[in-house]
2 protein chains.
Amino acid sequence: MSGPIKILLAEDEPALGQIVKESLETRNFEVILCEDGTKAYHSYLEYKPELLVLDIMMPKKDGFTLAEEIRKNDMEIPIIFLTAKSQTKDVVNGFEIGGNDYLKKPFSMEELIVRIHALLHRSRKQQKDNILLGKFTFNYTKQLLILGEEEQSLTHKEAELLYHLIQKQNDVLDRSEILKKLWGDDDFFNARSMDVFITKLRKKLKKDENIQIINIRGLGYKLIC
Amino acid sequence: MSGPIKILLAEDEPALGQIVKESLETRNFEVILCEDGTKAYHSYLEYKPELLVLDIMMPKKDGFTLAEEIRKNDMEIPIIFLTAKSQTKDVVNGFEIGGNDYLKKPFSMEELIVRIHALLHRSRKQQKDNILLGKFTFNYTKQLLILGEEEQSLTHKEAELLYHLIQKQNDVLDRSEILKKLWGDDDFFNARSMDVFITKLRKKLKKDENIQIINIRGLGYKLIC
DNA sequence: TGGGCCGGTTAACACACGTTAACACTAGTT
DNA sequence: AACTAGTGTTAACGTGTGTTAACCGGCCCA
């Protein structure tokens with residue numbers, strides 16, 4: 001949920017696997033490299049990655065079979081297949097299931113990165129729900145703060161602001177950063193408007209006295225809990 | 001909607017354009033070939049294709065600019081960009097909007113076909129009939145909301161609006177986007193008319209209290225369930 | 001220690017949107 | 001031609017969200 005994004009990479013050729021792994025790691029992904037399909041399946045269960053990059057031709061278990069097995073557990077996880085040039089027909093099969101893409105070898109790292117971002121973008125949206133926050137559960141899409149039986153509804157701006165505070169939980173959320181993101185511009189009036197919203201959030205979060213939004217003068221706000 | 005699938009192909013190099021056009025036509029696509037961005041835009045308006053294949057480097061109007069203009073009208077239509085090899089950075093820009101893919105020149109027809117099928121699959125597979133929506137089943141063509149034994153009929157505009165809300169389920173559907181699509185123009189009166197339809201939909205969706213259409217002031221609506 | 005600055009808080013305000021009902025238009029029916 | 005039913009638009013009034021203003025207190029630095 002938080003931390004670097006985990007990617008499972010299944011590639012039997014060690015040299016290529018290592019290069020891809022390292023390139024992705026410089027982009028702040030966490031990469032689990034497996035040299036065959038069976039190991040990849042176990043790593044999938046163990047590490048619960050957010051995205052899979054699977055070579056099709058692999059010892060023990062090929063990429064498609066692996067993908068089918070994993071799809072039984074998870075219909076959503078994005079899968080990128082790596083194919084040798086002669087396998088374009090297989091590719092059509094690989095596409096039957098949603099959330100897939102494929103890359104023909106040889107490929108550039110840029111191409112891979114672009115595809116990873118494109119697919120993550122699509123699947124990440126659905127992670128904003130039911131974030132735990134002290135005694136509360138915060139549902140971003142429904143704009144709700146839930147505490148036991150009670151539900152408080154938030155406005156869109158309140159929800160956005162809280163979401164960004166949570167993303168930087170126990171760390172400083174920069175004033176100008178959030179102003180540009182939610183108000184589009186960091187000027188005097190927007191800044192005062194934001195202060196009002198901080199007040200509103202503090203009120204709505206009062207029922208858990210361990211949660212506090214504290215101000216860092218001149219810098220921004222810190223949500224602690 | 002029925003008949004062969006229309007594809008708009010914008011490619012300034014006549015030889016390549018002709019080859020691609022003919023190859024696609026042998027696969028039963030209907031292809032409209034345009035040699036520059038301006039003509040492509042007009043053809044888009046005239047023929048309403050289901051998918052766009054756009055060269056990035058084109059006279060008069062490049063592929064990205066063209067895509068941006070078309071995206072203002074239609075956020076859904078799949079776009080495949082054709083890029084020369086030195087443009088991988090541009091590619092990242094082109095990916096910012098959903099429903100895009102790109103192909104590096106030179107490409108094989110097989111690659112193009114695979115991508116076309118993949119994107120059409122994505123946009124077509126969300127078939128318009130019997131869409132599940134909470135406790136309801138929504139049948140777009142029959143304009144029905146079904147809950148158990150009960151059927152509620154919707155008017156055409158209600159069905160269209162609901163359909164677009166569902167397409168963006170749990171995300172914001174832009175006011176002006178939907179106004180342009182269903183009313184043709186985003187003016188004051190159409191906007192008020194749309195509000196009335198939102199009210200009507202809310203009433204008809206009341207029987208599942210988990211479904212809500214919430215307003216995002218100044219932006220649009222979000223259907224959550 | 002006092003003045004400027006930053007933020008806290010509350011309330012007033014403007015305006016986007018919600019809701020209802022009356023109205024207008026069309027097509028089919030008598 | 002008048003009637004009806006179905007659909008969408010316009011009008012009128014009510015509500016909620018976000019902005020602005022006003023007033024307040026505390027922190028920092030001269």
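To find a chain, count down the sequence lines: A is the first, B the second, and so on, and within it residues start at 1. Just so you know, these numbers come straight off a predicted model, no measurement behind them.
As rounded to whole Å, 10 Å separates atom C1' of dG8(D) from atom CD of Glu158(B). At whole-Å resolution of the value, CD in Glu160(A) and P in dG18(D) are 10 Å apart. If you measure from atom CG of Leu154(A) to atom P of dG18(D), you get 10 Å, rounded to the nearest angstrom. Spacing between atom CD1 of Ile216(B) and atom C1' of dG16(D) amounts to 13 Å, rounded to whole angstrom units. Remark: P of dG18(D) and CD1 of Ile214(B) are 11 Å apart, rounded to the nearest angstrom. Remark: C1' of dG8(D) and CG of Leu179(B) are 14 Å apart, rounded to the nearest angstrom. Remark: C1' of dT19(D) and CG of Asp186(A) are 16 Å apart, rounded to the nearest angstrom.
Across every non-hydrogen atom of Ile211(B) and Leu133(B), the tightest pair is CD1-O, 3.4 Å. Shown here for Ala40(B) and Leu8(B), the closest heavy-atom pair between the two residues is O-CD2, 3.5 Å. The minimum heavy-atom distance between Gln143(A) and Thr155(A), with the atom names listed, is NE2-C, 3.6 Å.
Nucleotides of DNA chain C with any atom under 4.0 Å from a heavy atom of chain A span, from 5' to 3', dC5(C) to dT10(C).
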Extract all donor-acceptor atom pairs below 3.5 Å that involve side chains of residues 17-24 of chain B and protein atoms in other chains or at least two apart in sequence.
residue	atom	partner	partner atom	Å
Gln18(B)	NE2	Glu22(B)	OE2	3.2
Lys21(B)	NZ	Glu25(B)	OE2	3.0
Lys21(B)	NZ	Val31(B)	O	3.1
Ser23(B)	OG	Ile19(B)	O	2.8

Pairs under 3.5 angstrom only: tabulate donor-acceptor contacts from the side chains of residues 212-225 of chain B to other protein residues two or more places apart or in another chain.
residue	atom	partner	partner atom	Å
Asn215(B)	OD1	Arg217(B)	N	3.3
Asn215(B)	ND2	Gly220(B)	O	3.4
Tyr221(B)	OH	Arg175(B)	NH1	3.4
Tyr221(B)	OH	Asp195(B)	OD1	3.0
Lys222(B)	NZ	Thr141(A)	O	3.2

Using residues 144-154 of chain A as the side-chain source, report each donor-acceptor pair under 3.5 Å to any protein atom, sequence neighbours left out, with the distance given to one decimal.
residue	atom	partner	partner atom	Å
Glu150(A)	OE1	Lys207(A)	NZ	2.7

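Using a 30° and 60° split on the angle between ring planes, Tyr140(A) and Tyr163(A) fall in the tilted class, from 30° to 60°.
In this structure, the side chain of Asp12(B) does not engage the main chain of Glu35(B) through any donor-acceptor pair within 3.5 Å.
OP1 or OP2 of dG8(D) has not a single side-chain nitrogen or oxygen of Trp183(B) nearer than 4.0 Å.
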Nucleotide N/O to protein N/O under 3.5 Å, stretch nucleotides 28-30 of chain D:
none

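Within residues 187-204 of chain A, the residues approached by DNA chain C to less than 4.0 Å at the level of any non-hydrogen atom are Arg192(A), Asp195(A), Val196(A), Thr199(A), Arg202(A), Lys203(A), in residue-number order.
At least one side-chain heavy atom of Leu51(B) sits less than 4.5 Å from a side-chain heavy atom of Ile80(B).
Here the CG atom belonging to Leu182(A) is positioned 6.0 Å from the CG atom belonging to Leu161(A), to the nearest 0.5 angstrom.
For the pair Lys61(B) and Tyr41(B), the cation sits on the ring face: its NZ or CZ lies under 6.0 Å from the ring centre, inside 45° of the axis.
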